[in-house]
Every structure is written in structure tokens, then in C-alpha cells.
Amino acid sequence: TATVLSYAQSESGNPVRQFEAAEVLKDNFKNPETILLTEAIKDKAVINLEERISEISDANSRQEFVDQVVGDKPQDLKIALEIEARVEPSTPIGEKVEDIKTEVEQNILDSYKDKPAELARVASVSATPDVMDVKVAQELSDVLSRSPEVQSEVVANAKKNEQTVIETFI
């Protein structure tokens with residue numbers, strides 16, 4: 001366990017993708033100790049990400065970071081929300097994470113506002129959704145519903161996805 005966590009802490013790759021990989025692994029494990037290990041790996045990825053975020057000095061750098069490191073998929077919003085839940089909101093890092101989450105939401109809005117089928121494809125429901133999946137589905141639905149640019153069919157798909165996630169979770 002210590003060796004795996006040490007590796008996760010010193011890994012120089014994309015911390016968002018490290019976090020995502022740990023999330024995928026967690027979904028495939030049944031042993032509670034292994035699931036806890038993947039949560040610890042996610043914590044290490046957050047520490048790595050905090051270090052990267054602390055180096056962001058302006059809005060252009062932040063947007064470049066979002067475009068290159070985070071992305072525009074609902075899964076990226078999940079990662080942003082999970083990271084947001086793991087950092088102190090009133091700190092400079094917490095504020096940057098909030099800004100990054102907002103930019104991920106904007107990227108999603110820009111990418112899917114007129115592509116209902118594409119949104120339905122990328123927002124597929126996990127076989128075993130967790131609380132964070134419910135939060136992502138709700139956030140996605142809220143973000144898309146607030147914008148007048150978004151086609152009504154996209155909003156309907158997001159709301160349907162939200163309902164499916166909640167029903168599957170319950």
C-alpha cells in the first residue's frame with residue numbers, strides 16, 4: 001500500500017487523469033481495502049493537482065490548463081466536483097478549483113449545446129452510480145438549463161440522464 005501511494009504521489013503525469021484512473025479502478029473493485037486504496041490514490045492525485053494549480057498565475061494560464069488537463073466531458077465535471085470537495089474553498093487553491101470547475105462547465109456548454117445525441121453518449125450512467133454521480137448529473141442539468149443557447153432537446157436529455165442516475169442510485 002505504501003509503495004503504491006508513494007508512486008501515486010511522485011507520478012509526474014496528468015493528475016486529473018490519475019484521479020480518473022483511480023475512479024475507474026474503484027468502480028471495478030469489490031474488496032473494501034482495495035477501494036480505500038483507490039480513494040487514497042485519488043487524494044494523492046488531488047495533492048499533485050493542487051501543486052499544478054498553485055502555479056497558475058492568470059486567466060489565460062487557467063484556460064490553457066482546463067483545455068489541456070481537464071476537458072469538456074461530464075466525467076471531467078465529476079473530477080472537478082470531487083476535487084472541489086477535497087480542497088478548502090476559501091483558500092487560493094479552492095478559489096482556482098472553483099474557477100476551473102466553472103470553465104469545465106462552460107466547455108461542456110460550448111461542446112454540447114446543440115448536440116443532444118453526443119451528450120447522451122458521453123453522459124452515460126454508471127452501472128453503480130455513487131453520490132458524486134448524482135451530483136454531476138444534477139450539476140450538468142442545471143448548467144445546461146440555465147443557458148438560453150442550449151437546445152431544448154439537450155436540456156431534456158440532461159434532465160432524463162439526471163433522473164436515470166438518481167433512479168439507478170436509489
Side-chain angles (χ1 to χ4, degrees), residues 1-57 61-108 111-112 119 121-143 161-162 164-170:
T1 302
T3 304
V4 171
L5 293 177
S6 175
Y7 174 77
Q9 178 68 41
S10 64
E11 174 62 33
S12 62
N14 179 334
V16 173
R17 296 303 160 230
Q18 292 167 354
F19 191 96
E20 187 175 44
E23 180 70 19
V24 170
L25 287 172
K26 183 186 95 174
D27 289 344
N28 289 300
F29 291 138
K30 303 290 181 231
N31 182 315
E33 290 177 17
T34 309
I35 292 170
L36 285 174
L37 176 61
T38 61
E39 287 296 326
I41 291 170
K42 287 166 55 175
D43 290 339
K44 296 296 183 183
V46 169
I47 291 168
N48 291 342
L49 184 64
E50 286 177 353
E51 291 171 7
R52 296 264 178 94
I53 290 172
S54 70
E55 298 168 2
I56 296 173
S57 59
S61 298
R62 186 179 60 240
Q63 185 60 50
E64 185 177 325
F65 177 83
V66 169
D67 292 343
Q68 292 181 359
V69 178
V70 185
D72 65 352
K73 308 263 184 302
Q75 182 64 26
D76 298 322
L77 179 58
K78 180 177 182 176
I79 292 165
L81 288 168
E82 287 225 25
I83 291 168
E84 181 182 52
R86 293 170 191 260
V87 298
E88 286 294 322
S90 59
T91 64
I93 295 291
E95 291 170 7
K96 287 180 182 178
V97 168
E98 175 64 29
D99 291 343
I100 287 168
K101 182 188 89 169
T102 300
E103 290 183 23
V104 169
E105 290 173 346
Q106 186 62 48
N107 285 354
I108 290 170
S111 294
Y112 302 103
L119 177 64
R121 188 182 63 76
V122 298
S124 60
V125 180
S126 166
T128 56
D130 58 19
V131 171
M132 194 56 70
D133 291 316
V134 172
K135 184 170 178 153
V136 169
Q138 291 171 332
E139 185 89 12
L140 184 63
S141 181
D142 289 347
V143 166
N161 180 64
E162 177 185 2
T164 302
V165 169
I166 292 169
E167 289 170 4
T168 306
F169 177 70
I170 296 172

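Predicted, not measured: the structure shown is a model, and the values here were computed from it.
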Mind checking the [atom1]-[atom2] spacing from [X] to [Y]? Nearest 0.5 Å is all I need.
| X | Y | atom1 | atom2 | answer |
| --- | --- | --- | --- | --- |
| Asp72 | Gln106 | CG | CD | 11.5 Å |
| Ser57 | Arg62 | OG | CZ | 10.5 Å |
| Leu77 | Met132 | CG | CE | 9.5 Å |
| Glu82 | Glu39 | CD | CD | 6.5 Å |
| Asn107 | Tyr112 | CG | OH | 10.0 Å |
| Phe19 | Asp43 | CZ | CG | 8.0 Å |

Apply the side-chain contact (heavy atoms from CB on, under 4.5 Å) test between Ile93 and each candidate in Val46, Ile53, Ile83; give the one that qualifies. Ile53
Shortest non-hydrogen contact between [X] and [Y], atoms and distance:
| X | Y | result |
| --- | --- | --- |
| Pro129 | Val165 | CG-O, 3.9 Å |
| Phe29 | Ile35 | O-CD1, 3.6 Å |
| Lys73 | Ile108 | O-CD1, 3.6 Å |
| Val87 | Gly94 | CG2-CA, 4.0 Å |
| Asn48 | Pro15 | CB-CB, 3.9 Å |
| Ala137 | Asn161 | CB-ND2, 4.1 Å |

Spell out, as yes or no, whether a donor-acceptor pair under 3.5 Å connects the side chain of Thr102 to the backbone of Glu98. yes
Look only at the side chain of Lys135 and the backbone of Leu81, and say whether a donor-acceptor pair between them is shorter than 3.5 Å. no
Can Leu37 and Glu33 be said to form a side chain to side chain contact (heavy atoms under 4.5 Å, CB included), step by step? CA-CA 6 Å; Leu37 176 61; Glu33 290 177 17; over 6 Å; no
My understanding is that only residues two or more places apart in sequence, or in another chain, count here; which of them pass salt bridge (charged side-chain N to carboxylate O under 4.0 Å, His left out) with Glu64? none
Ionic contact status for Arg86 with Glu50, cut-off 4.0 Å: no
Looking at residues at least two apart in the chain, or sitting in another chain, which of them share a side-chain hydrogen bond (donor to acceptor under 3.5 Å, both in side chains) with Arg17? Glu20, Asp76
Please step through side chain to side chain contact (heavy atoms under 4.5 Å, CB included) for the pair Lys78 and Asp130, ending with a clear verdict. CA-CA 11 Å; Lys78 180 177 182 176; Asp130 58 19; 3.8 Å; yes
Hey, mind stepping through Ile56 and Ile100 against side chain to side chain contact (heavy atoms under 4.5 Å, CB included) and telling me if it holds? CA-CA 11 Å; Ile56 296 173; Ile100 287 168; 4.3 Å; yes
Any non-hydrogen side-chain atom of Gln138 less than 4.5 Å from a side-chain atom of Ile166? yes
Quick check: do Lys42 and Lys26 have side-chain heavy atoms less than 4.5 Å from each other? yes
Do Ile41 and Leu25 pass the side chain to side chain contact (heavy atoms under 4.5 Å, CB included) test, and can you show the C-alpha distance, the side-chain angles, and the key distance before you say yes or no? CA-CA 10 Å; Ile41 291 170; Leu25 287 172; 5.5 Å; no
